[in-house]
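We name chains A, B, ... by the order of the sequence lines, and we start the count at 1 in each one. Computed over heavy atoms, backbone and side chain alike; hydrogens, waters and symmetry mates excluded.
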There are 2 protein chains.
Amino acid sequence: MSHTPGVRQARKQKTRQALLDAALQLLEGQSLSSLGLREVTRAAGIAPTAFYRHFRSVEDLGVALVGEALGSLHPMIRTTVSSTGDGEERIERAVDLIAGHVDAYPAHVRFIARERHGGVRSVREAIHGQLGLFTAEVGEALGKDAVSAGWSHEDVLMLAQLYVDLMLGTASLLLEGMAGSEAGARERVSRVAARQMRLIGIGRMHWLDQPGGGE
Amino acid sequence: MSHTPGVRQARKQKTRQALLDAALQLLEGQSLSSLGLREVTRAAGIAPTAFYRHFRSVEDLGVALVGEALGSLHPMIRTTVSSTGDGEERIERAVDLIAGHVDAYPAHVRFIARERHGGVRSVREAIHGQLGLFTAEVGEALGKDAVSAGWSHEDVLMLAQLYVDLMLGTASLLLEGMAGSEAGARERVSRVAARQMRLIGIGRMHWLDQPGGGE
DNA sequence: TGTACATCAGTGAACGCGCGTTCACTGATGTAC
DNA sequence: TGTACATCAGTGAACGCGCGTTCACTGATGTAC
């Protein structure tokens, strides 16, 4: 009524998304620091100059991609961490959820794994910041378990970091397994990841047994 | 006598090293997939065309860098893994060795962390291959410990992978800590890494306690 | 030791090409009355 | 509802620039005798 049916705005949003999608696809075979503006606009089907209506630079687009990629990761981590059942069941479910996420958003996973240590500072920092939030969230969930009684906040976070890194590493290995030709790569990776989680879980159970373990 | 004092060969080797060094330095601020041939030769102080006397492409140079970077890592891992003493001492020594390595070869560490998941397939594969050898070596050392009696080969490797990933992750975080401005970042990272190793060590001690733990 | 020839690391000019960015523009959408 | 004007997403020509690669070359080093 008073303003904006927003046809213009909706179209702009659509073009913006086309740029993000095109970039994400092009990034499967290269790093952000070598991705070209013209390359992206060509793949998105618009004139190079229109790029500037949406982003100041490719680097800026990269930061936007971090939000999109880790946004899709967020609910996945939430589900994983809040799942119930005994340790073994939770581990199986976690590994399945990771594998499912890699299937559903392979380009997002690749982007995060690649640019986490990549050549573009602002993107690295954006990823680092988001992963810090995830770690805090995982830590909060872990802290509520009975096993964590008597743990310092610092130790809960160190455990959370261990899990988050393991999840990311596993996701990245699953991705390579998808690309590779060898059969059973995925199963092998999942199996190893489950055992690593199990071992960490065992360490967690006995953390306070050792003198000085939890000080 | 019979052949080659090798003045020519020595000079060629020196130029080759200058190219590798220049590339490594340039890679602190970008990824391999955006590194230019002319950029490298300019930094190395030779004509662009001379590059081809040493490498077929920048990608090829990248593969050579993997050898150099992981060659420097090799003795470090050897030392870490063969050190004696009780668990706590070994952990402290391992963390100190990692920190020392990051100080001594920061560009190597950055290169491996960055290109491990980077945009150049052949370099990724070279890194993956070398890390596989390291994991096998760490696994062999771990397997000799009394704690590993009764462990399957597969489980020893899964543990070795956990340690190798933790070392690499820690090295990368220490590097960021060096670059960043906050005081005490290094100490914090080292402290967390030591605790993560301790927790994994505890998990290792009790691995065979659980029914089905080592099957 | 000296001479004549072969090798080959490094040079410098030249090429065609795609890049990021500027600019004035077009025409559909939005707004005021 | 209709009209006049403002906004602004997307266009297309033009620019200067650095890129990777080719080519014929130079001159120091290596080899044969």
Side-chain angles (χ1 to χ4, degrees), chain A residues 1-27 29-65 118-123, chain B residues 1-27 29-65 118-123:
Chain A
M1 306 276 158
S2 62
H3 72 95
T4 109
V7 176
R8 188 136 84 186
Q9 193 177 322
R11 283 187 192 158
K12 181 174 186 183
Q13 179 56 36
K14 205 177 152 192
T15 303
R16 188 189 133 102
Q17 192 59 47
L19 285 169
L20 289 169
D21 292 347
L24 204 55
Q25 187 181 311
L26 289 165
L27 284 171
Q30 62 185 313
S31 300
L32 185 67
S33 78
S34 66
L35 185 67
L37 180 152
R38 290 181 103 102
E39 204 180 352
V40 176
T41 54
R42 203 182 304 127
I46 64 169
T49 47
F51 183 89
Y52 298 105
R53 299 285 176 203
H54 303 275
F55 305 100
R56 294 159 55 88
S57 63
V58 173
E59 177 170 342
D60 193 29
L61 178 146
V63 173
L65 271 181
V120 182
R121 173 190 292 261
S122 58
V123 170
Chain B
M1 305 276 155
S2 62
H3 73 93
T4 110
V7 176
R8 187 135 84 186
Q9 193 176 322
R11 283 188 190 158
K12 181 173 185 181
Q13 179 55 34
K14 203 177 153 193
T15 304
R16 188 188 133 101
Q17 193 57 47
L19 285 169
L20 289 169
D21 292 348
L24 205 53
Q25 185 181 311
L26 289 166
L27 283 170
Q30 63 185 313
S31 301
L32 185 66
S33 79
S34 67
L35 185 66
L37 180 152
R38 291 181 102 101
E39 206 180 350
V40 176
T41 53
R42 203 183 304 127
I46 63 170
T49 47
F51 183 91
Y52 297 106
R53 299 284 177 205
H54 303 275
F55 305 101
R56 294 160 55 89
S57 63
V58 173
E59 177 171 342
D60 192 29
L61 178 146
V63 173
L65 271 181
V120 182
R121 173 189 291 262
S122 58
V123 169

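Taking atom CZ on A:F51 and atom P on D:dA9, their separation rounds to 15 Å, with Å as the unit. Between A:R11 atom CZ and C:dG30 atom C1' the separation is 12 Å, expressed in whole Å.
You'll find the side chain of B:D60 stays beyond 4.5 Å of the side chain of B:F51, heavy atoms only.
In terms of the side chain to side chain contact (heavy atoms under 4.5 Å, CB included) criterion, residue partners of A:T49 (sequence neighbours excluded) are, by chain and number, A:A47. Under the side chain to side chain contact (heavy atoms under 4.5 Å, CB included) criterion, B:V63 pairs with B:S122, B:V123, B:A126, not counting sequence neighbours.
Taking each heavy atom of A:A22 and A:A43 in turn, the nearest pair found is CB-CB, 3.8 Å. Considering every non-hydrogen atom in both A:L32 and A:G62, the closest pair reads CD2-CA, 3.9 Å. Across all their heavy atoms, B:T41 and B:P48 have their closest contact at OG1-CA, 3.5 Å. Scanning all heavy atoms of the two residues, the minimum distance from B:S31 to A:G118 falls at OG-C, 4.2 Å.
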Considering only nitrogen or oxygen atoms on both sides, find all protein atoms under 3.5 Å from nucleotides 18-22 of chain D and state each distance.
from, atom 1, to, atom 2, distance (Å)
D:dC19, OP1, B:R42, NH2, 3.0
D:dC19, OP2, B:R42, NH2, 2.5
D:dG20, OP1, B:L37, N, 2.6
D:dG20, OP2, B:L37, N, 3.2
D:dG20, OP2, B:R38, N, 2.8
D:dG20, N7, B:R38, NH1, 2.5
D:dG20, O6, B:R38, NH1, 2.8
D:dT21, OP2, B:Y52, OH, 2.5
D:dT21, O5', B:Y52, OH, 3.2
D:dT21, O4, B:R38, NH1, 3.2

If you restrict it to nitrogen or oxygen atoms, what contacts under 3.5 Å exist between nucleotides 5-8 of chain C and the protein, and what is each distance?
from, atom 1, to, atom 2, distance (Å)
C:dT7, O2, B:R8, NH1, 2.8
C:dT7, O2, B:R8, NH2, 2.7

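Between the CD1 atom in B:I46 and the CZ atom in B:R53 there is a gap of 11.0 Å [rounded to 0.5 Å].
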Here DNA chain D, pairs taken as Watson-Crick or G-U under 3.5 Å and shown with ( ), [ ] when crossing and | when to another strand, reads .||||||||||||||||||||||||||||||||
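Applying side chain to side chain contact (heavy atoms under 4.5 Å, CB included) to A:L24 and the options A:L19, A:V40, A:L65 leaves one that passes, A:L65.
Note on residues 13-23 of chain B: pairs passing side chain to side chain donor-acceptor pair (under 3.5 Å), not counting sequence neighbours, are B:Q17-B:D21, B:Q17-B:E68.
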